[in-house]
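The block underneath contains the structure these notes are about, expressed in structure tokens.
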Amino acid sequence: MALAGASTLPLASLARGGRLRDHMLIAQPSRLGLLGDDYPATDVWAFNNMVPGPVLRANQGDTLRIRFRNRLASLSTIHWHGIRLPNAMDGVPGITQAPVKPGEDFVYEFALPDAGTYWYHPHVATYEQIGRGLYGVIQVEERQPPDVDDDVTWVLSDVMLTKDASIAPNFKSLHDAAHAGRLGNIVLVNGQRGPAMLDVRAGQRIRLRLLNAASARLFRIKIHGHQPLVVAHDGHPCTPYRLTESFYFSPGNRMDLILDCTGAPNAQFEIEDEFFPAMRNKVGLIRYSSRAAVGARKPFGELPPNTLFEPVLAGAESVKMVLEGGALSNKATREAIWLMNGKGNDHGSHMDVHGKHPDPLFTFEQGCTVRCLIDNKTAWFHPMHFHGIVFRERLPNGQWGPFKDSTLVWPFKTQEIAFVAESPGDWMIHCHVAEHQHSGLMGTFRVASLCRTPAAPKT
Ligand code: C2O
Ligand code: CU
Ligand code: CU
């Protein structure tokens, strides 16, 4: 497959020349209608009184400066999921910063080296803070954006509502933590009960950005009547490929699709979640207007690549990460339900049971390529997310797939990834099923600075 462009430049210089974009994100309790007019509104926690929070838009190379104002009654932080940034801006409590106390502010500032679809969410008690509505999209425009008729973002999520439409408060269910996580009973698209409407005209070309912001739900999306092109995973452009069947879409992941509207005027096509084939959720509806088709377009090329560090497999360091525990296992310890390499770290605090920083699971020299084999010895799937790097995942055919920041590891299967240890600091590795993350499946890796920039990647 095509490899991303090479660079020996440190990240900061990639961003030179961009604009500074100031934003304020206020996390606070709010009351919003999630189910439409026939139901009462729901008490949520929201950024700027919106679920999802505001889309933070910028151009590649710009710098974001975000004043985070915590008006919750709980500690919080914001993590900028998928963005390659300095460790101190990563939003991990107790590791990269002190948690932000109720009533306090914290200013994040970082450059945006990569174009694409990213997102933000708290990193304190994530299962609850995401589960109550704190998440939003960061959309970084390419220097030359592709020519499309519409650019639509769908944030998929779910919520567990009681019959008066309030959020069920039992976020610390041991059962959820030991099984598949907390699965909601209502699927949300952009904070509203699905199906969401995608209004199109025959012949149009739509860019559809998808994010799975659910704390636990693995979607299996089927787009009827169309074969969209996947042009990016987790923000980063890939060699485009066509979706001919349903695809799994796990928490944390993003996908950018190019959807050519090949249907006829007045046609309608469903977008379904068929994870449970006997109980399909209508996620969306592609709704064609009655207007005559616009002229056909040339085949789509690809998005301009981001400048990423290409893993150099010769001489790479190999490590293994064994996941154990959960329901049906016999592995839980006094400390955790789930274990990574025999240890289970929590927690709301990101500390171990003794209230100390856990030691990193691995230490790598900056610039070295790492191959990590994730061995899932549990009966549950785990979308494993790494902060501070992007990796290629090994495909079933043995080839190395597109760059991603979270990889889905199936029960009793292994998944290998390869990446360049990019910038110094302690970075999180965790399952993005938030209930797993906070009951053991969370650790760190350390990138030790060598006072040199990573080796020139090969193309
Ligand atoms: Cu979106 Cu540490 O995660
Ligand atoms: Cu992240
Ligand atoms: Cu998990």
Side-chain angles (χ1 to χ4, degrees), residues 52 76-85 87 89-97 108 110 114 117-127 129-131 134-138 155 157 176-183 211-218 234-235 250-254 321-329 336-340 344-348 350 374-391 404-413 415 419 422 425-445:
S76 194
T77 60
I78 306 182
H79 168 60
W80 315 94
H81 181 129
I83 302 221
R84 297 185 299 142
L85 41 61
N87 190 253
M89 294 291 110
D90 201 39
V92 180
I95 292 187
T96 69
Q97 68 172 103
Y108 295 93
F110 49 88
D114 303 316
T117 310
Y118 302 93
W119 67 300
Y120 59 92
H121 61 77
H123 223 282
V124 175
T126 322
Y127 52 91
Q129 298 199 6
I130 286 185
L134 293 168
Y135 51 84
V137 168
I138 305 167
V155 180
S157 184
D176 287 350
H179 292 75
R182 176 175 158 115
L183 295 168
L211 157 65
N212 183 352
S215 68
R217 184 180 290 259
L218 173 58
D234 292 353
S250 50
N253 282 135
R254 287 87 65 215
M321 193 163 71
V322 180
L323 312 181
E324 295 172 292
L328 309 178
S329 78
I337 300 171
W338 304 93
L339 304 167
M340 291 168 75
N345 298 313
D346 173 293
H347 317 237
H350 296 60
I374 306 167
D375 186 359
N376 182 0
K377 294 186 184 298
T378 82
W380 307 89
F381 73 83
H382 304 292
M384 297 303 295
H385 171 51
F386 288 61
H387 290 208
I389 52 132
V390 282
F391 53 77
K404 291 179 132 188
D405 62 45
S406 306
T407 186
L408 180 59
V409 193
W410 292 101
F412 307 113
K413 292 275 194 289
Q415 174 66 56
F419 61 88
E422 192 168 311
D426 285 2
W427 300 97
M428 303 303 303
I429 309 172
H430 61 84
C431 178
H432 222 290
V433 170
E435 296 78 12
H436 294 175
Q437 170 191 358
H438 288 280
S439 48
L441 282 190
M442 171 148 65
T444 58
F445 68 101

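Every heavy atom of this structure was used, including side-chain atoms; hydrogens, water molecules and symmetry mates were not. Just follow the structure's listing: the first ligand is 1, and inside any ligand the first atom is 1.
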Next item on the list: Run the numbers on R254 and D405 for salt bridge (charged side-chain N to carboxylate O under 4.0 Å, His left out), then give the verdict.
Entry: CA-CA 9 Å; R254 287 87 65 215; D405 62 45; 2.9 Å; yes
In Å, rounded to the nearest 0.5 Å, how long is the span from [atom1] of [X] to [atom2] of [Y]?
X	Y	atom1	atom2	answer
H385	L408	NE2	CG	14.5 Å
Y120	H79	OH	NE2	14.0 Å
L211	H81	CG	NE2	8.5 Å

Check: When you look at H436 and W380, which way does the ring pair (Phe, Tyr, Trp, His ring centres under 6.0 Å) test go after all the steps?
Finding: CA-CA 10 Å; H436 294 175; W380 307 89; 7.5 Å; no
Confirm or rule out an N/O/S atom of [X], from backbone or side chain, lying less than 2.8 Å from atom 1 (Cu) of ligand 1.
X	result
H432	yes
H81	yes
H121	yes

Next item on the list: Starting from the Cu ion (ligand 3), count all protein N, O or S atoms within a radius below 2.8 Å.
Entry: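 Near the Cu ion (ligand 3), the number of protein N, O or S atoms below 2.8 Å is 3.
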Next item on the list: Give me the one residue out of Y108, Y135, W119 that meets ring-ring contact (aromatic ring centres under 6.0 Å, His included) with W80.
Entry: Y108
Item checked: N212 to S250 - nearest heavy-atom pair and separation -> ND2-C, 3.2 Å
Notebook entry, point to check: Looking at the rings of H438 and H123, which for Trp means the six-membered one, are their centres under 6.0 Å apart?
Noted result: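 Between H438 and H123, the centre distance exceeds or equals 6.0 Å.
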Check: Can you give the angle H387 NE2 - atom 2 (Cu) of ligand 1 - H123 NE2, rounded to 10°?
Finding: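 Between NE2 of H387 and NE2 of H123, at atom 2 (Cu) of ligand 1, the angle is about 100°.
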